[in-house]
Amino acid sequence: MALQVDIDVGVATVTINHPPTNLVDGPFFVALLDTVGRLEADESVRVVVFRSADPDFFLMHGDVHMLRDVAPPYVPAVEPNIAAATFTRLRTGRLVTIGLLDGIARGGGCELLCGMDLRFGSERSLVGQPEVALGIIAGAGGTVHWSRAVGRGRALDILLTGRDVAADELLAIGWLDRLIPSDELEHTVYSVARRIAAMPGDAVAAVKRVVDAPTDQALVVESNEVARLMSMGEHGPRMDRFVAAGGQTRDAEINTMQTILDAVLELQ
């Protein structure tokens with residue numbers, strides 16, 4: 001099985017284990033579609049961490065041998081291809097997806113990470129999009145997601161040269177959300193994942209919808225989401241715990257705000 005799944009207290013770990021090269025190929029896509037569908041249907045799961053069992057490659061890239069002889073008649077698409085739709089689904093659904101990068105991800109492997117909500121990497125992180133040199137483009141969402149993540153000019157620099165981009169630059173341009181020493185990476189990722197999983201799921205999904213809303217509609221979407229959440233009434237007990245833990249007092253909010261939020265989330 002190309003993907004192994006473990007679930008613990010709202011956090012699912014998807015480990016990519018597809019030897020010998022961790023290619024993005026047919027068996028990988030079959031496993032990914034099945035895994036994403038099962039996790040989306042499991043209401044106990046709030047956060048999904050994607051990691052790799054391979055010590056060098058998160059994912060390599062698409063199977064060049066498979067792609068070499070693919071030349072179907074051109075018919076303009078009216079919807080994204082299955083790879084682009086699947087990778088993008090990782091950021092548009094209710095689940096929060098986190099990519100844990102401690103190695104190399106090029107081509108489709110990089111595009112999978114581009115589709116996730118958060119990307120945390122170590123100093124070993126290295127990504128690239130070699131597709132243009134091969135006569136195609138990053139077509140699983142990568143061309144679109146790179147430009148949205150780092151801006152048009154930086155995206156063109158990376159996509160049109162096929163160059164590798166290392167950890168420090170990935171953090172500087174905003175593609176990596178955090179850069180963490182390799183020996184601390186998993187601990188940090190799972191600390192964040194567990195904290196997000198403790199948040200109310202409806203509010204988490206609402207934040208994602210607002211953040212992804214078109215700019216000209218975002219304020220309306222935000223207003224609707226906060227009104228919808230307050231109409232559900234679930235904020236009341238949480239706000240009671242906030243006040244009981246010392247919230248809305250000067251000293252507590254100066255010195256112990258995170259402890260107060262832990263009490264709200266019942267993490268203590």
Side-chain angles (χ1 to χ4, degrees), residues 7-14 36-37 39-50 84-101 112-121 141 144-151 171 173-180 188-243 245 247-248 253 257-268:
I7 299 173
D8 182 37
V9 194
V11 178
T13 298
V14 177
V36 172
L39 292 177
E40 287 179 338
D42 187 341
E43 292 296 328
S44 73
V45 176
R46 301 286 185 82
V47 180
V48 184
V49 175
F50 285 81
T86 303
F87 289 176
T88 301
R89 181 176 167 188
L90 298 175
R91 69 191 301 155
T92 58
R94 68 170 183 86
L95 299 171
V96 174
T97 52
I98 304 174
L100 188 161
L101 180 60
L112 175 64
L113 286 163
C114 281
M116 295 183 192
D117 291 310
L118 296 168
R119 293 175 289 274
F120 291 1
V144 172
H145 290 151
W146 267 106
S147 64
R148 304 295 189 273
V150 305
L171 180 68
I173 65 178
W175 190 87
L176 273 181
D177 297 298
R178 296 198 196 184
L179 180 57
I180 303 151
T188 301
V189 166
Y190 283 100
S191 293
V192 172
R194 286 190 290 268
R195 190 169 185 84
I196 294 173
M199 299 287 177
D202 285 328
V204 170
V207 168
K208 290 186 62 173
R209 286 191 291 269
V210 174
V211 168
D212 291 336
T215 302
D216 62 343
Q217 302 173 29
L219 289 175
V220 174
V221 175
E222 181 186 74
S223 297
N224 285 333
E225 290 293 352
V226 71
R228 183 183 63 82
L229 289 168
M230 294 187 76
S231 74
M232 295 167 64
E234 295 180 7
H235 60 292
R238 292 177 176 274
M239 292 186 177
D240 290 341
R241 291 198 293 274
F242 177 81
V243 172
Q248 208 159 305
E253 292 206 13
M257 189 62 179
Q258 294 309 306
T259 302
I260 293 170
L261 291 182
D262 287 348
V264 173
L265 296 172
E266 298 182 314
L267 295 176
Q268 296 177 325

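Everything numeric in this text was worked out from a predicted model, so none of it was measured. By convention here, the first residue in the shown sequence is residue 1. Note: hydrogens, waters and symmetry copies are ignored here, and every other heavy atom, side chains too, is used.
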Student: Can you tell if the side chain of R46 reaches within under 4.5 Å of the side chain of M199, non-hydrogen atoms only?
Tutor: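 No, side chains not in contact.
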Student: Search all heavy atoms of I260 against all heavy atoms of G247 and return the closest pair with its distance.
Tutor: CD1-N, 3.8 Å
Student: With a 3.5 Å distance limit and no angle check, can you tell me whether R91 reaches the backbone of C114 through a side-chain donor-acceptor pair?
Tutor: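 Confirmed, R91 side chain pairs with C114 backbone.
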Student: From N224 CG over to Q217 CD, what is the distance, rounded to the nearest 0.5 angstrom?
Tutor: 11.0 Å
Student: Please report the interatomic distance CZ(R241) to CG(L261), rounded to the nearest 0.5 Å.
Tutor: 11.5 Å
Student: Got a donor-acceptor contact below 3.5 angstrom from the R119 side chain to the L113 backbone?
Tutor: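 Confirmed, R119 side chain pairs with L113 backbone.
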Student: Among L219, V220, V221, exactly one meets side-chain contact (heavy atoms from CB on, under 4.5 Å) together with V210. Which residue is that?
Tutor: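 In the set L219, V220, V221, the residue that makes a side-chain contact (heavy atoms from CB on, under 4.5 Å) with V210 is V221.
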Student: Taking the side chain as every heavy atom from C-beta outward, state whether L265 and R238 have any atom pair closer than 4.5 Å.
Tutor: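 They are in side-chain contact.
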Student: Side chain to side chain contact (heavy atoms under 4.5 Å, CB included) for M116 and D177? Distances and angles first, verdict last.
Tutor: CA-CA 11 Å; M116 295 183 192; D177 297 298; over 6 Å; no
Student: Any chance you could measure L101, atom CG, to L179, atom CG, to the nearest 0.5 Å?
Tutor: 10.0 Å
Student: Go through V96 and K208 one step at a time and tell me if the side chain to side chain contact (heavy atoms under 4.5 Å, CB included) criterion holds.
Tutor: CA-CA 9 Å; V96 174; K208 290 186 62 173; 4.3 Å; yes
Student: Do you know which two heavy atoms are closest between V47 and A193, and how far apart they sit?
Tutor: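 Shortest heavy-atom separation between V47 and A193 comes out as CG2-O, 3.6 Å.
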Student: Determine the minimum heavy-atom distance between A213 and A218, stating which atoms define it.
Tutor: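 Nearest heavy atoms, A213 then A218: CB-CA, 3.9 Å.
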Student: I'd like to know if the side chain of S147 reaches the main chain of V144, judged simply by a donor and an acceptor atom lying under 3.5 Å from each other, with no hydrogens or angles considered.
Tutor: yes
Student: Write down the atom of I180, the atom of T188, and the distance for their closest heavy-atom approach.
Tutor: CD1-CG2, 3.5 Å
Student: Whether the side chain of D117 engages the backbone of I98 through a donor-acceptor N/O pair (distance < 3.5 Å, no angle test) should be reported.
Tutor: no
Student: Is a salt bridge present between R94 and D202, judged by a nitrogen-to-oxygen distance below 4.0 Å?
Tutor: no
Student: With a 4.5 Å cut-off on side-chain heavy atoms, are L267 and R194 touching?
Tutor: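 SC-SC contact between R194 and L267 ruled out.
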Student: I need the minimum non-hydrogen distance between A84 and G141, along with the two atoms involved.
Tutor: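 Taking every non-hydrogen atom into account, CB-N, 3.8 Å.
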Student: Take L95 and E40 through the test side chain to side chain contact (heavy atoms under 4.5 Å, CB included) and record every step on the way to the result.
Tutor: CA-CA 7 Å; L95 299 171; E40 287 179 338; 3.9 Å; yes
Student: Test I7 against every option in V14, V45, T13 by the side-chain contact (heavy atoms from CB on, under 4.5 Å) rule and name the one that passes.
Tutor: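 Only one option passes, and that is V45.
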Student: Do D8 and Y190 touch side chain to side chain, with heavy atoms closer than 4.5 Å?
Tutor: no
Student: Apply the test side chain to side chain contact (heavy atoms under 4.5 Å, CB included) to residues F120 and V49: give CA-CA distance (whole Å), side-chain angles for both, the deciding distance (0.1 Å), then the verdict.
Tutor: CA-CA 10 Å; F120 291 1; V49 175; over 6 Å; no
Student: Tell me if the CE atom of M230 is crowded by more than 12 foreign heavy atoms within 6.0 Å.
Tutor: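 No, CE of M230 has 12 or fewer neighbouring heavy atoms, counting only those of other groups under 6.0 Å.
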